[in-house]
Amino acid sequence: RIYNIYPTGSNAGYVVSSGIRTTTTAGVIASIYNNMIRLGYDKSGAAVTTSAEFRGISEMVNGTVDAIFNTVLIGGTGVVAATKSSYGYYSNSTSSATRLIENNIFQNDRAGSSGKHYAIRLTNITNTTCNYNNLVSASGYIGNWNGTDKATLANWQGAASGLDAKSKNVPTPYQAAIAITPDLHF
């Protein structure tokens with residue numbers, strides 16, 4: 001489990017808190033399997049309301065990424081005055097690296113700021129297989145593909161060349177998502 005990664009202080013500035021961040025070169029495989037990541041809450045289980053960008057899984061690759069069977073919850077309501085966005089899965093890679101993103105839950109329940117809160121963000125889908133995921137965003141943006149917001153799963157599926165054709169958009173009833181020691185089983 002990965003949790004309690006967050007900025008503190010009243011002037012946190014520009015902070016990016018990532019549960020898992022990977023950068024690879026050609027010929028390298030980044031395997032991201034079976035993780036439970038909760039961001040947007042502090043060590044007491046209270047919402048982090050300061051300005052911060054949260055990324056559950058963040059990748060910038062020229063190699064291969066396999067992200068399979070991960071559960072990511074980005075949370076926190078009452079976020080103030082921030083324009084920072086948050087992402088369950090974040091890719092800023094423009095390479096045609098091979099990506100396999102399957103059987104994950106990317107749920108973003110963060111709310112209250114002027115930032116946008118996405119389940120997933122991809123820039124280049126060449127050689128990308130992305131399917132059988134559960135993509136949820138409480139703020140109204142399932143994904144961002146090549147800089148364009150997609151509000152619904154159907155918008156995401158149509159815009160992203162058929163990615164996530166068998167994916168779902170169903171909020172997950174976690175056992176204890178905001179507990180001091182979170183349990184993201186359901």
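We number each residue from 1, following the sequence as shown.
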**Asked** Tell me, do Ile68 and Ile32 make a side-chain contact under 4.5 Å, heavy atoms counted?
**Response** no
**Heavy-atom donor-acceptor pair, Thr152 side chain to Asn155 backbone, under 3.5 Å** = yes
**Asked** Among Ile125, Ile120, Asn104, which one satisfies side chain to side chain contact (heavy atoms under 4.5 Å, CB included) with Cys130?
**Response** Ile120
**Asked** Hey, any chance Val136 and Phe54 share a hydrophobic cluster, counting ILVMFWY side chains that come within less than 4.5 Å of each other, even indirectly?
**Response** no
**Asked** Hey, does the side chain of Asn70 reach the backbone of Asn35 with a donor-acceptor pair shorter than 3.5 angstrom?
**Response** yes
**same_hphob_cluster(Ile101, Ile20) at 4.5 Å side-chain heavy-atom cutoff** = yes
**hydrophobic_cluster_shared for Leu135 and Leu122, side chain cutoff 4.5 Å** = yes
**Request:** Give a yes-or-no answer on whether the side chains of Ser85 and Arg110 include a donor-acceptor pair shorter than 3.5 Å.
**Result:** no
**Asked** Could you give the distance from CD1 (Ile57) to CD1 (Ile37), rounded to the nearest 0.5 Å?
**Response** 4.5 Å
**Request:** Can you establish whether the number of heavy atoms outside Ile178 located under 6.0 Å from its atom CD1 is more than 12?
**Result:** no
**Fill in**
Heavy atoms of Asp42 and Asn4 approach each other most closely as O-OD1, 3.2 Å
**Rounded distance (nearest 0.5 Å) linking atom NZ of Lys150 with atom CD1 of Ile142** = 13.0 Å
**Request:** Evaluate the side-chain proximity of Tyr3 to Lys43: yes if any heavy-atom separation is below 4.5 Å, no if none is.
**Result:** no
**Item:** Separation between CG of Leu163 and CH2 of Trp145, rounded to the nearest 0.5 Å
**Value:** 8.5 Å
**Ser93 and Arg99: CA distance, side-chain angles, deciding distance, side-chain hydrogen bond (donor to acceptor under 3.5 Å, both in side chains) verdict** = CA-CA 11 Å; Ser93 179; Arg99 288 180 197 82; 3.0 Å; yes
**Asked** Taking all atoms of both residues into account, what is the closest heavy-atom pair of Ile5 and Ser18, and its distance?
**Response** CD1-O, 3.8 Å
**Request:** Using modelled atom types only, decide if a donor and an acceptor are shared between the side chain of Arg38 and the backbone of Thr71 within a distance under 3.5 Å.
**Result:** no
**Asked** Can you tell me if Asp66 uses its side chain to pair, donor with acceptor, with the backbone of Ser31 under 3.5 Å?
**Response** no
**Prompt:** Can you find a side-chain donor-acceptor pair between Gln107 and Thr172 that sits under 3.5 Å?
**Reply:** yes
**Pair Gln175-Leu184, side-chain contact (heavy atoms from CB on, under 4.5 Å): steps then yes or no** = CA-CA 6 Å; Gln175 287 187 10; Leu184 298 184; over 6 Å; no
**Prompt:** Which atom pair, heavy atoms only, marks the closest approach of Pro173 to Pro171?
**Reply:** CD-O, 3.6 Å
**Asked** Cluster question for you: counting only ILVMFWY and a side-chain heavy-atom cut-off of under 4.5 Å, with indirect links fine, are Tyr41 and Met36 together?
**Response** no
**Complete:** So CZ of Arg121 and OH of Tyr90: to nearest 0.5 Å the spacing works out to 4.0 Å
**Asked** Among the clusters formed by ILVMFWY side chains lying less than 4.5 Å apart, do Phe106 and Leu39 turn up in the same one?
**Response** yes
**Residue Phe186 excluded, over 12 heavy atoms near CZ under 6.0 Å** = no
**Asked** Are the side chains of Leu73 and Tyr174 in touch, meaning some heavy atoms are under 4.5 Å apart?
**Response** yes
**Message:** For a quick check under 3.5 Å, do Asp164 and Asn131 share a side-chain donor-acceptor pair by atom type?
**Reply:** no
**Asked** Would a distance-only check, ignoring hydrogens and angles, find a side-chain to backbone donor-acceptor pair under 3.5 Å from Thr24 to Gly63?
**Response** yes
**Request:** Quick one: do Tyr87 and Glu53 satisfy side-chain contact (heavy atoms from CB on, under 4.5 Å)? Show the steps, please.
**Result:** CA-CA 8 Å; Tyr87 311 87; Glu53 181 174 317; 3.7 Å; yes
**Message:** Does either side chain, that of Tyr89 or that of Glu59, offer a donor lying less than 3.5 Å from an acceptor on the other one?
**Reply:** yes
**Asked** Is there a donor-acceptor contact under 3.5 Å linking the side chains of His117 and Ser86?
**Response** yes
**Request:** Check for a donor-acceptor pair, side chain of Ser167 on one end and backbone N or O of Asn133 on the other, with a separation under 3.5 Å.
**Result:** yes
**Message:** To the closest 0.5 Å, what do you measure between OG (Ser137) and CG (Asn144)?
**Reply:** 11.5 Å
**Asked** Can we call the ring centroids of Tyr141 and Tyr118 under 6.0 Å apart?
**Response** yes
**Asked** Nearest 0.5 Å, what's the OG1-CG distance between Thr98 and Asn62?
**Response** 11.5 Å
